[in-house]
Undergrad: 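My questions all concern the structure below.
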Amino acid sequence: MFLCTIFQMNHKKRGITMPKKLVIVESPAKAKTIEKFLGDDYSVMSSKGHIRDLKEKEFSVDLNNNYKPLYEIPADKQELVNNLQKAADKSDIIWLASDEDREGEAIAWHLYEVLGLTEAKTRRIVFHEITKTAIQKAIENPRHINLNLVDAQQARRVLDRIVGFELSPVLWKKIKPALSAGRVQSVTVRLVVEREREINNFKAEASYRVTAIFNVTDTQGKDVELKSELSKRFTTKEEAKSFLEACINTTFTIEQIETKPAKQTPAPPFTTSTLQQEASRKFGFPVGLTMRIAQKLYEAGKITYMRTDSVNLSDLALGTAKQEIIEMAGEKYHTFRQYHTKSKGAQEAHEAIRPTYINQHAIEGTLQEKKLYDLIWKRTIASQMSDAQIEKTTISINVNGKTEKFVSTGEIIKFDGFLKVYLESTDDDQEQEAKGILPKLSLNQPLQLISAEAQERFTQHPPRYTEASLVRKLEELGIGRPSTYAPTISTIQNREYVDKKEIENPPRTYELITLRKGQIKEEIKKEKVTIEKGKLSPTSIGFVVNDFLTQHFPDIMNYNFTAKVENDFDEIAEGKINWTKSIDNFYKAFHPSVEEAMINTGKKAGERQLGIDPKTGKPVFVKIGRFGAVVQIGEKSPVEKPQFASLRSNQTLETITLEEALDLFKLPMTLGQYENESITVSVGRFGPYIRYGKTFISLPKGQDPLEMTIEKAIELIKAKRITDANRQIKSFDEDNILILNGRFGAYITQNGKNYKIPKDMTPAELTLEDCKRLITEAAAKPKKQLAKGMKHFKKTTKK
DNA sequence: CAGTGAGCGAGCTTCCGCTTGACTT
């Protein structure tokens, strides 16, 4: 509408009537660009995606009428549709220019139907790049709406509705209200659940890794150090130790020096999924944040469309990239590369994600926007650059009297090529050790051992998924689309199937045997605590829902289900089968399993008996309650109410033991009296705390609430009194303004709102005027974007 | 960012894909 009004204004000014040619695209940003190319005869409007869909709250698939879909225009689309209608009525020819894929074809068809268009005045066109020639060419080569492709979309839509709206109610009844299941989200949860079980079942294996430092004379006659690792790892301490002992009185010689050329090739340009992965690895962005920033860049005309599975670059982009690279680094840094998409189910309606103007090396904007743009620019440029040429050298060292060899490896970059601008990150950066340059040495040369050590190492469990690595897995399996990756990841967290948290791995002890100056020393060392950030793990509900679904609906939960139905959709698109026939085949097999799962067995899914409470002799259960996982002692009866306790956030129904479950009932626990008030200890939403009258005090980190004593509690109360006394720095009572000491330093508070104090000001010296000024300044500042977006998202999804 | 701290037998939940705005502790 916005575009339309501008348009009308322009024409009013020049006294021309509304044009008779209308082009409808999906995205407003795209409409704006195209309008410039087409000139005054054309009006370009956008549908903003689908304009019609199945009813939001109803099943809307008529099972008695050959699966006829019941479509409606959503309320928030009505105004847009009205405007499109007005424009269409005034136009002689309407070009439907939605994307060239299943969904795009359906959008064109819905427009055709809703706007009451006729074959005579309608043209269906598609273009893959937004340039004047591409668009003009498209306009000159129109076609008709492909109804087979539309049917394939209707089949997709109806199938998803049937699966989602028949499965979810089963979960409401058998597990918990307001849960959800679907073709995409349920399998996504399954991936996380299965990974967690792999981790739980994982047994770390120990082995001894032997490293050594030698002193050696290089070809220049200079003494240098050479680090080396034994090619074999020992499985026992005894073997490792006896090897080191054998090193005391033996000789070492260089047995082989091998130099091999190698090359490294740049990664293809970004798709939605690879952009999400790199932004996650390089900046730690959650996938939703990456998409919001990318959307901003797209709307500002800085980058091409951000929801794409294509790695293709337009001829224009290839040309400007070449020019940039040659200008920047010279001819030999440029290699023309055309990439082809290999991911399953790719529909390639767009280009890869790239800067709109490749000659623009940097942009204005927020820090996050700059970072993401820079990443996209570098990746695009690098994808058109030459391979890096590397020389790999391997030196193997013979240990006299032993079959095991020490090996040193080194790398020299002979020609940096694309590495000049960009290197893709890997998921396990910590395992990568920098490979340096090796000294020049000769064959059969002797070496002096300076020191050697055998360190006990453990195999690592498979890594938990991050949001981005989970997206990569989904793409690999062909599940979900670029536009749904981020929303799916949000859904499974909002439904509380998976949790994103920091996981602290407890420190392990390991053995270290060192050899230095002919002496062997044995030590026991402690590993550092490692913290995994932003890793996804299933909740109790996630486990239970997943197991329930896989038990009753193995076909839907199969990782190949999407791939299988995609085959059917392809056949529908090719006109080989009828879409309702295909849905009928599916429904006839699927629906009975829903009926069967609904049969009430009297027990809730996932309920598990842990054992008997020794105190009361009553059974102890875990199950999913109204607010998540709970332990229950005793069964419900008319005479007795069972006891309940919620599981802690780090416990799951899957792994909790009887002992841990019973511990939950020890709290809240009264520790005793202090100054005529009783002190109790308990665990709340934010961890363990003690309560003293009306005051709550969190326990220090690592303090087990069950180990709390009255003495420790009194200490905490005293400490709290001191901090409270120091809390207030200054007060201006007449304006309700206080300057307080908080967890993050001093701050100003007024009427329940808090304000920052700039670092260069001394809190104690602030005057009332200073405070008032800081408050008004803070109010004038725009609010943070991140908080804005997140808040909204929660609201709309919880509604 | 600056504080918080249950409840566990009664009310309307849910899908996937295409796209952009409208909201404030």
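Every chain is numbered from 1 and lettered A, B, ... according to where its sequence line falls, protein lines coming before strand lines.
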Undergrad: Which nucleotide in the set B/dC18, B/dG7, B/dC16 lies at the smallest distance from any side-chain heavy atom of A/Arg183?
TA: B/dC16
Undergrad: As a test of reading the structure: which of B/dT20, B/dC15, B/dC16 is closest to the side chain of A/Gln295, going by heavy atoms?
TA: B/dT20
Undergrad: Which of these nucleotides, B/dT19, B/dC16, B/dT20, is closest to any side-chain atom of A/Met306?
TA: B/dT20
Undergrad: What nucleotide, of B/dT20, B/dT14, B/dT13, holds the atom closest to the side chain of A/Arg495?
TA: B/dT14
Undergrad: Quick check for you: among B/dC8, B/dC16, B/dT19, whose closest atom lies nearest to any side-chain atom of A/Phe644?
TA: B/dC8
Undergrad: Taking the C1' atom in each of B/dT25 and B/dA2, what is the distance between them to the nearest angstrom?
TA: 13 Å
Undergrad: Choose from B/dC16, B/dT20, B/dC18 the nucleotide whose nearest atom is closest to any side-chain atom of A/Arg481.
TA: B/dC18
Undergrad: Is A/Glu72 salt-bridged to A/Lys57, going by a charged N under 4.0 Å from an acidic O?
TA: no
Undergrad: From C-beta outward on A/Asp53, which listed nucleotide comes closest to its side chain: B/dG7, B/dG17, B/dC18?
TA: B/dG17
Undergrad: In terms of side-chain heavy atoms of A/Lys57, which of B/dT19, B/dT13, B/dG7 is nearest?
TA: B/dT13
Undergrad: Nearest-Å distance, CZ (A/Arg626) to P (B/dA10)?
TA: 6 Å
Undergrad: Whole Å only: how far is the CG atom of A/Leu159 from the P atom of B/dC15?
TA: 15 Å
